[in-house]
Amino acid sequence: MNYEYILTRTDGRVGIVQFNRPKALNALSPALMSEVIAALEAFERDAAVGAIVITGNERAFAAGADIKEMAQASVVDMLHNPFIDYWDRLRRISKPVIAAVSGFAFGGGCELAMACDMIVASETAVFGQPEINLGVMPGAGGTQRLTRAVGKALAMEMVLNDRRLSAAEAEQYGLVNRVVPVELYLEEAVKLAQQIAARAPVAVRLAKEAINAVYEMPLQAGLAHERRLFYMLFATADQKEGMDAFVNKRAANWQGK
Ligand code: DAK
């Protein structure tokens, strides 16, 4: 498939989606986002892909939604804008999605990274929700996911007063999984994705679902949900294979079944 605003490729069992609007610091226009979702859904359908990495370039992961496209929008324009649906579709991707972030991850860019399952950051990454400077506020999860990730005190400062987080701070506050030198951030994200893609696919999928349910459910419901998913795995060939491999001291050969 030919895309205008993104590049895609695979590396082993990892699908890679790269934003490709460098002159606009990868501003997330609806056109770009629709291509991102098309690419993610294609990787979702491809059994040869076990995990996905989303990235930008060294200078910018993404500097937010496209302000120039939104500047003159009315409330009805925004209401009908398909933009937010793309976030919901990203959330429904069942394979692990890792954001490889370097440079600016602002506004919708920060929200998109947070909507992924993990974040690998370069030392030069900066995370922020600067919408307040535009007379608006985050609208794609920034007040919700950020607060859950870093806590109320810091989220308030970031959203109300444009406090930006360096990569080191983001790691300290638990927003990112790890920080690596800029020349390694994509390689490191792909390596992490390769490792996960080599694991039992159904268990990975259900485990991801269970962790993400933390954001949707109270504890009792989450625990019950987790238990059902755990029981379900005993219907898979991979559960028999994994436990037999352990008992017989050999490496498991996952089928994804
Ligand atoms: N949109 C459009 N163009 C952008 C952009 C953006 N978000 N960010 C940067 N650019 C463009 C600049 O306009 C400039 O273009 P030219 O002037 O060269 O044509 C080019 O990228 C380079 O930017 P700068 O010249 O500004 O580069 P600097 O290094 O000086 O500064 C910067 C980098 C990242 C600090 C600065 O560009 C900046 O502050 N950018 C804006 C960051 C921002 O405010 N982001 C939040 C955007 S609002 C929705 C839900 C959520 C959202 C939308 C809808 N719904 C529920 C429907 C999300 C909203 C947002 O994300």
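Counting convention: from 1, in listed order, for ligands and their atoms alike.
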Evaluate [X] for polar contact with ligand 1, using N/O atom pairs at a separation under 3.5 Å.
X    : answer
A65  : yes
I67  : yes
K68  : yes
G108 : yes

Within a distance of under 4.0 Å, is there any protein heavy atom near [atom]?
atom                    : value
atom 18 (O) of ligand 1 : no
atom 25 (O) of ligand 1 : no
atom 38 (C) of ligand 1 : no
atom 21 (O) of ligand 1 : yes
atom 30 (O) of ligand 1 : no
atom 41 (C) of ligand 1 : yes

For this session: Output the distance between atom CZ (R148) and atom CG (L175), rounded to the nearest 0.5 Å.
Result: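 Between atom CZ of R148 and atom CG of L175 there are 14.5 Å.
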
Could you tell me the residue and atom name of the protein heavy atom closest to [atom], and the distance to it rounded to 0.1 Å?
atom                    : result
atom 56 (C) of ligand 1 : G139 O, 3.5 Å
atom 55 (N) of ligand 1 : F83 CD2, 4.0 Å
atom 11 (C) of ligand 1 : A24 CA, 4.0 Å
atom 35 (C) of ligand 1 : F106 CE1, 3.9 Å
atom 57 (C) of ligand 1 : M78 CE, 3.8 Å

Problem set entry | Option nearest atom 44 (O) of ligand 1 (shortest heavy-atom distance, choices A73, A71, A60, P130) |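 Nearest heavy atom to atom 44 (O) of ligand 1 lies in P130.
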
Problem set entry | Winner among G141, A63, P22, G109 once heavy atoms are compared against atom 43 (C) of ligand 1 | A63

So for atom [atom1], which belongs to [X], do other residues, nucleotides or ligands contribute more than 12 heavy atoms lying within a distance under 6.0 Å?
X    : atom1 : value
R164 : CZ    : yes
R205 : CZ    : no
Y3   : OH    : yes
E187 : CD    : no

Element-labelled atoms of ligand 1 that are located less than 4.0 Å from some non-hydrogen atom of [X]:
X    : value
A140 : 50 (C), 51 (C)
A27  : 1 (N), 2 (C), 6 (C)
I84  : 56 (C)
G107 : 46 (C), 61 (O)

For this session: Please report the shortest heavy-atom distance between E44 and I93, naming the atom on each side.
Result: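 Looks like OE1-CG2, 3.5 Å.
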
Exercise. Looking only at heavy atoms, which two atoms of G107 and P130 are closest? And how far apart?
Worked result: N-CD, 3.4 Å

Please confirm whether [X] comes under 4.0 Å of ligand 1, counting heavy atoms of the residue only.
X    : answer
Q129 : no
K23  : yes
L25  : yes

Charged N-O contact under 4.0 Å between [X] and [Y]:
X    : Y    : value
R250 : E241 : yes
E35  : R21  : no
R163 : E169 : yes

Exercise. Tell me, do H225 and E216 make a side-chain contact under 4.5 Å, heavy atoms counted?
Worked result: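 Heavy-atom side-chain distance check fails, nothing below 4.5 Å.
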
Exercise. Side chains of E183 and P181: closer than 4.5 Å at any heavy-atom pair?
Worked result: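 Yes, side chains in contact.
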
Problem set entry | Test log, rule side-chain contact (heavy atoms from CB on, under 4.5 Å), inputs W254 and V204 | CA-CA 12 Å; W254 307 120; V204 165; over 6 Å; no

For this session: Classify the contact between R59 and ligand 1 as side chain, backbone, both or neither, using a heavy-atom distance cut-off of under 4.0 Å.
Result: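 It is the side chain that gets close, since no backbone atom is under 4.0 Å.
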
Exercise. With backbone taken as N, CA, C and O and side chain as the heavy atoms from C-beta onward, which portion of L134 lies under 4.0 Å from ligand 1: side chain, backbone, both, or neither?
Worked result: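 Under 4.0 Å from ligand 1, L134 contributes side-chain atoms alone.
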
Exercise. Between F104 and F106, what is the ring plane arrangement, given parallel below 30°, perpendicular above 60°, and tilted in between?
Worked result: tilted

Exercise. If we ignore angles and hydrogens, is there a donor and acceptor under 3.5 Å between the side chains of E209 and S94?
Worked result: no

